[in-house]
J.: 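Please read through the structure below; I'll follow up with questions.
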Protein chains: 2
Amino acid sequence: MNTRTLKLVAVDAGGTRQERKQRTRQALLDAALGAQQSLASLSLREVTREVGIVPTAFYRHFASMDELGVELVEEAMRPLRAMLRDARKRPAGDAIRGSVDILVNQVGKHAPHFRFLLRERHGDVPSVRRAIAAELRLLGSELAVDLGRFPGLADWSAEDLRMGADLMVGAMMSIVTALLEVGEHPDDRAQVVSVAEGQLRLIVLGMAAWRSLPA
Amino acid sequence: MNTRTLKLVAVDAGGTRQERKQRTRQALLDAALGAQQSLASLSLREVTREVGIVPTAFYRHFASMDELGVELVEEAMRPLRAMLRDARKRPAGDAIRGSVDILVNQVGKHAPHFRFLLRERHGDVPSVRRAIAAELRLLGSELAVDLGRFPGLADWSAEDLRMGADLMVGAMMSIVTALLEVGEHPDDRAQVVSVAEGQLRLIVLGMAAWRSLPA
DNA sequence: CTTTTGAGTGTACGCATGTACACCCAAAAA
DNA sequence: TTTTTGGGTGTACATGCGTACACTCAAAAG
């Protein structure tokens, strides 16, 4: 009875050789992500079992779990990038409420990816940790550029913008944590959203008041 | 050659029966902490090997690794509590600079504990995750009370204080992450400290400006 | 002094793992 | 049409794991 968990990720026939390979590869990524287990404690055999191929076939696609993990980082960062892009488009009605809204939607749609990032950010696999750290730094620097375009922040130094942007990225990760852990009850969810908006607003207010005490 | 890594945690004779047991128990905790591996990927045998006892003797002290992990959470939270207590004592010279100073010291002194908390906060062991989440919530509520004692914040609602406190706790965790990952070079460390101070200052400024737009 | 207790021992077992190796056989290349 | 390629197969093995079970033997209790 402990044989298979419904083989969610299985892949069948059809298409050219390249396509089939690509599909198996993606199935491996999906299985690793769906396992809801840290890479370090996830076995190659579990993943291949889920996909429906033999263990040794794993190596036709990745040299190791670590390598799969690094690939997964890039895939998991896409929703985060998408968020930033969406927030950028949104002109400025209520920028904060809109941003939190986008965040909530993305987390709802890509929960496993966010879980993966939070888990492996401090996980056992050094290459994956570094990959996530690098991507988050990149995200921070992009957000810093965006912030610099705001009217009130035009004269800020690059370092100060970066500091503010990194604070926001960190706060967003905390918010994502809260969103992933809150139950289904609408009141609880509303509470988390309202706290999230308040926290971002606090940061924005702080930035508005910043220039009174320069370096 | 791959037999032992110097048995850092070993425990020898001397003392009453209770004392010896307590010492072995602590050695197990130390070994698990020092392993720099997530609980889920850390084997009972590795831990007992490091301590210098036979695997089955583990169960004289803990029913499972998970249980050891929960115990470790409490131990790891002590430095964090100590921080808050120290920061409370410090009157108000430059509260932020002082707090960051305390943080840097505690992280330097208890790096493995902080690493453990960051790792297991999103790790594979549910009971440990929950324990850390609960402790951090508690820390947030204590900090909220402390914040409420500040003159400018005396009229804040409990929820708003909590929101600000949680934002600060989250920011501190980001700062701890940065401190644990930065290299030895003094310039790099100074940079991290300066960014940390700036971020906390940003939050404080935000709180000072908050009341202009209430609920 | 005798009995009981309990931390630590040693063996033994079944199980899951990573991966080496030889193989297969349809699609792609020639 | 023939040859080559390469994703997937199946067997096999050594290793490390958790833990069941029967044990020892000082320290603590009587």
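Chain identifiers are assigned alphabetically (A, B, ...) following the order of the sequence lines, protein sequences preceding nucleic acid strands; residue numbering begins at 1 within each chain. Source: prediction; values computed, not measured.
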J.: Quick one: which of D:dG8, C:dG8, C:dG18 gets closest to the side chain of B:His61?
T.: C:dG8

J.: Consider the side chain of A:Arg45, meaning its heavy atoms from C-beta on, and name the nucleotide among C:dT9, D:dA12, D:dG7 that approaches it most closely.
T.: D:dA12

J.: For A:Arg81, what residues pass the salt bridge (Lys or Arg N to Asp or Glu O under 4.0 Å) criterion, not counting sequence neighbours?
T.: A:Glu135, A:Glu142

J.: Give me each pair satisfying side chain to side chain donor-acceptor pair (under 3.5 Å) with a member in residues 118-132 of chain B, each pair once, sequence neighbours excluded.
T.: A:Ser38-B:Asp124, A:Ser41-B:Asp124, A:Glu181-B:Arg121, B:Gln36-B:Arg119

J.: For the pair made of NZ in A:Lys21 and C1' in C:dA28, what is the distance, rounded to whole Å?
T.: 14 Å

J.: What pairs meet the salt bridge (Lys or Arg N to Asp or Glu O under 4.0 Å) rule with one or both residues in residues 34-46 of chain A, with sequence neighbours excluded?
T.: none

J.: Identify, between A:Ile53 and B:Leu42, the residue whose nearest nucleotide on DNA chain D lies closer to the 5' end.
T.: A:Ile53

J.: For B:Ala63 and A:Thr24, find the nucleotide of DNA chain D closest to each by heavy atoms; which residue's nucleotide sits nearer the 5' end?
T.: A:Thr24

J.: Between A:Lys21 (side chain only) and A:Arg60 (backbone N and O only), is there a donor and an acceptor less than 3.5 Å apart?
T.: yes

J.: Side chain of A:Ser43 only, heavy atoms from C-beta on: which candidate in C:dG18, D:dG7, D:dG18 is closest?
T.: C:dG18

J.: Going 5' to 3' through nucleotides 21-30 of chain D, assign each nucleotide B (protein heavy atom under 4.0 Å from a base atom), S (under 4.0 Å only from sugar-phosphate atoms) or - (no protein heavy atom that close).
T.: B----BBS--

J.: Got a sec, which pairs hit salt bridge (Lys or Arg N to Asp or Glu O under 4.0 Å) with one end in residues 63-73 of chain A, sequence neighbours left out?
T.: A:Arg25-A:Glu71

J.: May I ask you to evaluate whether A:Arg49 reaches the phosphate of C:dT17, defined as a side-chain N or O under 4.0 Å from OP1 or OP2?
T.: yes

J.: Enumerate the salt bridge (Lys or Arg N to Asp or Glu O under 4.0 Å) contacts for residues 96-107 of chain B, please, sequence neighbours excluded, ordered by first and then second residue.
T.: B:Asp94-B:Arg97, B:Arg97-B:Glu197

J.: B:Phe58 has an atom CZ; how far is it from atom P of D:dC17, in whole Å?
T.: 13 Å

J.: Take the protein atom CZ of A:Arg25 and the nucleotide atom C1' of D:dG8, then report the distance between them rounded to whole Å.
T.: 16 Å

J.: Could you tell me how far apart B:Leu44 (CG) and C:dC15 (C1') are, to the nearest whole angstrom?
T.: 16 Å

J.: Could you check how far CD of A:Gln22 sits from C1' of C:dA27, rounded to whole Å?
T.: 18 Å

J.: Could you give the CZ-to-C1' distance, from B:Arg23 to C:dG8, as a whole number of Å?
T.: 14 Å

